[in-house]
Undergrad: 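Quick one: this structure, given as structure tokens, is what I'll be asking you about.
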Amino acid sequence: MIKKLLFLNTLFFCAALTAQVTFTNQNGLIGNYPDYSEVAVDMNGDYLDDYVRVSENGIGIDYQLPDHTFNSVFITMPIQNIPDWSIAAGDIDGNGFNDLFLGNASRVSFLFANADGTAYSELTKPDYIFSQRSTLADINNDGKLDAFICHDVDQSFPFRNAGNQNMILDQTLIQTLDRPGNYAAIWVDYDNDGDSDMYLTKCRGGALPGDPNRDNAMYTNNGDGTFTENGLDIGMRDNAQSWSTVFEDFDNDGDFDAFIVNHDFQNRLMENDGTGMFTDVIAGSGINPTDLGAWENQSGDFNNDGFVDIFSEMSKELYLNNGDMTFTGQDLDFDEGGIGDFNNDGFLDVVNDGNLYINDGNGNNWIKIGLEGIDSNKNGIGARVKIVGDWGTQMREVRSGQGFSHMNSLLAHFGIGTSTAIETLIIEWPSGTVDVIQNPNINQTIIVEEGSTILNVDDFDNNSISLYPNPTSDLLNFSMKGLENVPVQIIDVNGKIVLNSKVSTEGSINVSSLKTGTYFAMLQVEKKITSYKFIKN
């Protein structure tokens with residue numbers, strides 16, 4: 001099922017690009033509520049981003065309405081553990097309304113929405129946790145959202161979702177090093193193998209350079225319920241008192257790069273070579289490597305040109321992406337906040353400290369995608385979303401908890417510049433299901449239910465490439481030359497990814513591990529996603 005949300009959107013087809021991004025503060029449209037951390041997430045299931053603020057006396061929610069106004073509601077209730085360090089959002093219990101995970105200086109709490117989203121109950125965890133970044137992710141990929149909280153002074157805490165709002169502390173869910181200095185976790189499939197890994201950004205007060213408590217760590221998902229720490233092996237074990245890291249495909253080459261803000265040595269712009277190995281390329285990038293001391297560090301395509309920008313607490317608050325791993329800095333009147341689209345015009349806005357900074361926009365086009373998980377978690381957190389067009393491919397991941405403290409929209413947002421069409425929209429769900437939509441409309445929000453548009457026996461390309469032998473029992477060869485190292489996903493007839501591979505130097509992939517049956521090989525060739533049917537003997 002695909003739904004399209006219009007809500008008075010304006011369609012833009014102007015070819016002009018603006019050099020700068022400007023915002024107008026429209027805080028007169030929202031309620032005057034106290035807050036600690038900013039939340040820019042849809043709370044009532046209409047796929048319009050709302051502004052949520054939590055304080056000692058309750059929850060203030062500015063519900064976005066289709067006419068670009070807000071219904072401001074304050075839900076009075078005592079909050080035992082205010083989110084003075086961080087907050088994450090997601091539908092933990094699967095009832096259709098998003099819940100909140102609060103990180104406090106001494107405890108954590110879960111705020112669960114009731115059956116119609118009009119009230120909340122707080123589940124407080126008794127363990128002492130000096131919370132830093134809180135995140136929600138389906139760590140064991142069972143279709144339910146788990147929780148992870150960074151602990152400043154000891155080993156971090158994973159909470160396993162046992163259902164019925166029962167969140168159980170379970171260190172076996174992901175075994176991290178028993179060390180302090182844990183500041184910001186981010187879940188990302190950095191190695192393109194189809195499962196979520198976790199990068200842990202670390203800073204330890206008073207620790208000297210070289211102290212292992214300052215070492216950033218990558219916990220690579222082994223695909224069997226276990227994780228291996230390999231930050232040093234892939235070039236990501238920074239020791240520079242890091243506060244938070246963003247992972248985005250800054251150069252649109254099909255893998256996630258990273259930007260790390262540090263308080264020592266220098267900041268890092270880490271380019272992924274496609275194999276999950278990283279190299280610092282900040283020299284010559286236009287970002288000042290010694291502009292140190294940032295806490296918040298976030299990202300988004302703020303000018304809708306098709307390239308993800310960096311929004312961080314540096315002297316230049318916004319670094320506009322030039323598309324070639326270089327950036328142009330510009331000044332803003334603010335340097336942090338929750339990122340969402342608060343007037344549903346397709347341009348990213350920011351909320352911070354009771355201020356509603358509305359992006360003035362430009363003539364560039366866009367698309368937003370909201371997800372409804374079936375086998376995966378309800379929000380599709382952990383899903384990878386791709387759009388393919390004349391620019392090539394862009395991709396995003398749906399994440400709960402980025403940057404150091406705030407919570408951004410759970411809609412996947414893409415700018416497409418002056419392009420007026422998208423050829424293919426692809427959603428790779430945490431369950432392995434793949435939905436493929438041809439020629440989605442632009443300048444709209446499209447809602448996709450998991451499994452509603454999976455590949456079928458008629459959705460394959462008979463042109464340009466032939467596969468042989470077909471049927472095959474082990475090696476599958478591609479007739480086109482020059483495909484070496486191109487990623488290939490093998491999808492079964494139920495629409496699930498069963499194998500992630502790459503074309504070898506001989507022009508083949510090994511499919512001997514597959515069971516007998518019909519499959520699709522999906523890959524990108526010349527800026528187009530194509531799929532080819534084959535039979536495994």
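Everything numeric in this text was worked out from a predicted model, so none of it was measured.
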Undergrad: With a 3.5 Å cut-off and no angle check, do the side chains of Q175 and Y219 form a donor-acceptor pair?
TA: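 No, no side-chain donor-acceptor contact under 3.5 Å.
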
Undergrad: Is it the case that the side chain of N362 and the backbone of N303 share a donor-acceptor pair, with hydrogens and angles ignored and the cut-off at 3.5 Å?
TA: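 Between the backbone of N303 and the side chain of N362 there is a qualifying donor-acceptor contact (under 3.5 Å).
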
Undergrad: Could you tell me whether the side chains of N377 and D138 share a donor-acceptor contact shorter than 3.5 Å?
TA: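 No - no donor-acceptor pair under 3.5 Å links their side chains.
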
Undergrad: When you check the gap from the basic side-chain N to the acidic O, do D189 and R384 get nearer than 4.0 Å?
TA: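 Looking at R384 together with D189, the answer is yes, because their closest N to O distance falls below 4.0 Å.
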
Undergrad: Answer yes if the ring centres of F247 and Y199 are under 6.0 angstrom apart, and no otherwise.
TA: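 Aromatic pair counts; centres sit under 6.0 Å.
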
Undergrad: Are the aromatic ring centres of Y357 and F334 under 6.0 angstrom apart?
TA: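 Yes, close enough.
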
Undergrad: Do Q165 and D93 have a side chain donor and acceptor closer than 3.5 Å?
TA: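 Checked: Q165/D93 side chains pair up, N/O donor to acceptor below 3.5 Å.
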
Undergrad: Between F256 and R399, is there a cation-pi geometry (under 6.0 Å to ring centre, at most 45° from the normal)?
TA: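 Relative to the ring axis of F256, which defines the angle, R399 lies inside both limits.
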
Undergrad: Scan side-chain atoms only and decide if N304 and H413 contain a donor-acceptor pair under the 3.5 Å cut-off.
TA: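 Yes, side-chain donor-acceptor contact under 3.5 Å.
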
Undergrad: Could you verify whether a donor N or O on one side chain and an acceptor N or O on the other, from S312 and E317, lie under 3.5 Å apart?
TA: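 Note: S312 and E317 side chains miss the donor-acceptor criterion.
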
Undergrad: Would you say the side-chain atoms of Q298 pair up with the backbone N or O of G403, donor to acceptor, closer than 3.5 Å?
TA: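 Checked: no pair found.
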
Undergrad: Give me the atom names and distance for the closest heavy-atom approach of T135 to A185.
TA: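 Smallest heavy-atom distance, with atoms named: CG2-O, 3.4 Å.
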
Undergrad: Under a 3.5 Å distance rule, please check whether S376 uses its side chain to pair with a backbone N or O of W429 as donor and acceptor.
TA: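 Between the backbone of W429 and the side chain of S376 there is no qualifying donor-acceptor contact (under 3.5 Å).
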
Undergrad: Taking ring pair (Phe, Tyr, Trp, His ring centres under 6.0 Å) as the definition, give me every residue that meets it alongside F157, ordered by chain and number, with sequence neighbours left out.
TA: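 Partners of F157 under the ring pair (Phe, Tyr, Trp, His ring centres under 6.0 Å) test: H151.
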
Undergrad: Without hydrogens or angle criteria, can the side chains of S109 and N81 be said to hold a donor-acceptor pair below 3.5 Å?
TA: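 A donor-acceptor contact under 3.5 Å links the two side chains.
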
Undergrad: Can you establish whether the number of heavy atoms outside D331 located under 6.0 Å from its atom CG is more than 12?
TA: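 Buried by this count: over 12 neighbours within 6.0 Å.
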
Undergrad: Are a donor atom and an acceptor atom from the side chains of D50 and Q64 found within less than 3.5 Å of each other?
TA: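 Result is no, nothing qualifies.
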
Undergrad: Is a donor on one side and an acceptor on the other found under 3.5 Å between the side chain of Y120 and the backbone of G58?
TA: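 A pair under 3.5 Å: no.
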
Undergrad: Only pairs under 3.5 Å count here: list side-chain donor-acceptor contacts from residues 28-35, not counting sequence neighbours, and write none if there are none.
TA:
residue	atom	partner	partner atom	Å
Y33	OH	V73	N	3.3

Undergrad: Can you tell whether the side chains of E248 and R396 come within less than 4.0 Å, N to carboxylate O?
TA: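 Salt bridge absent between E248 and R396.
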
Undergrad: Report yes or no: do N443 and W366 form a side-chain donor-acceptor pair below 3.5 Å?
TA: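 On atom types as modelled, these side chains qualify, holding a pair under 3.5 Å.
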
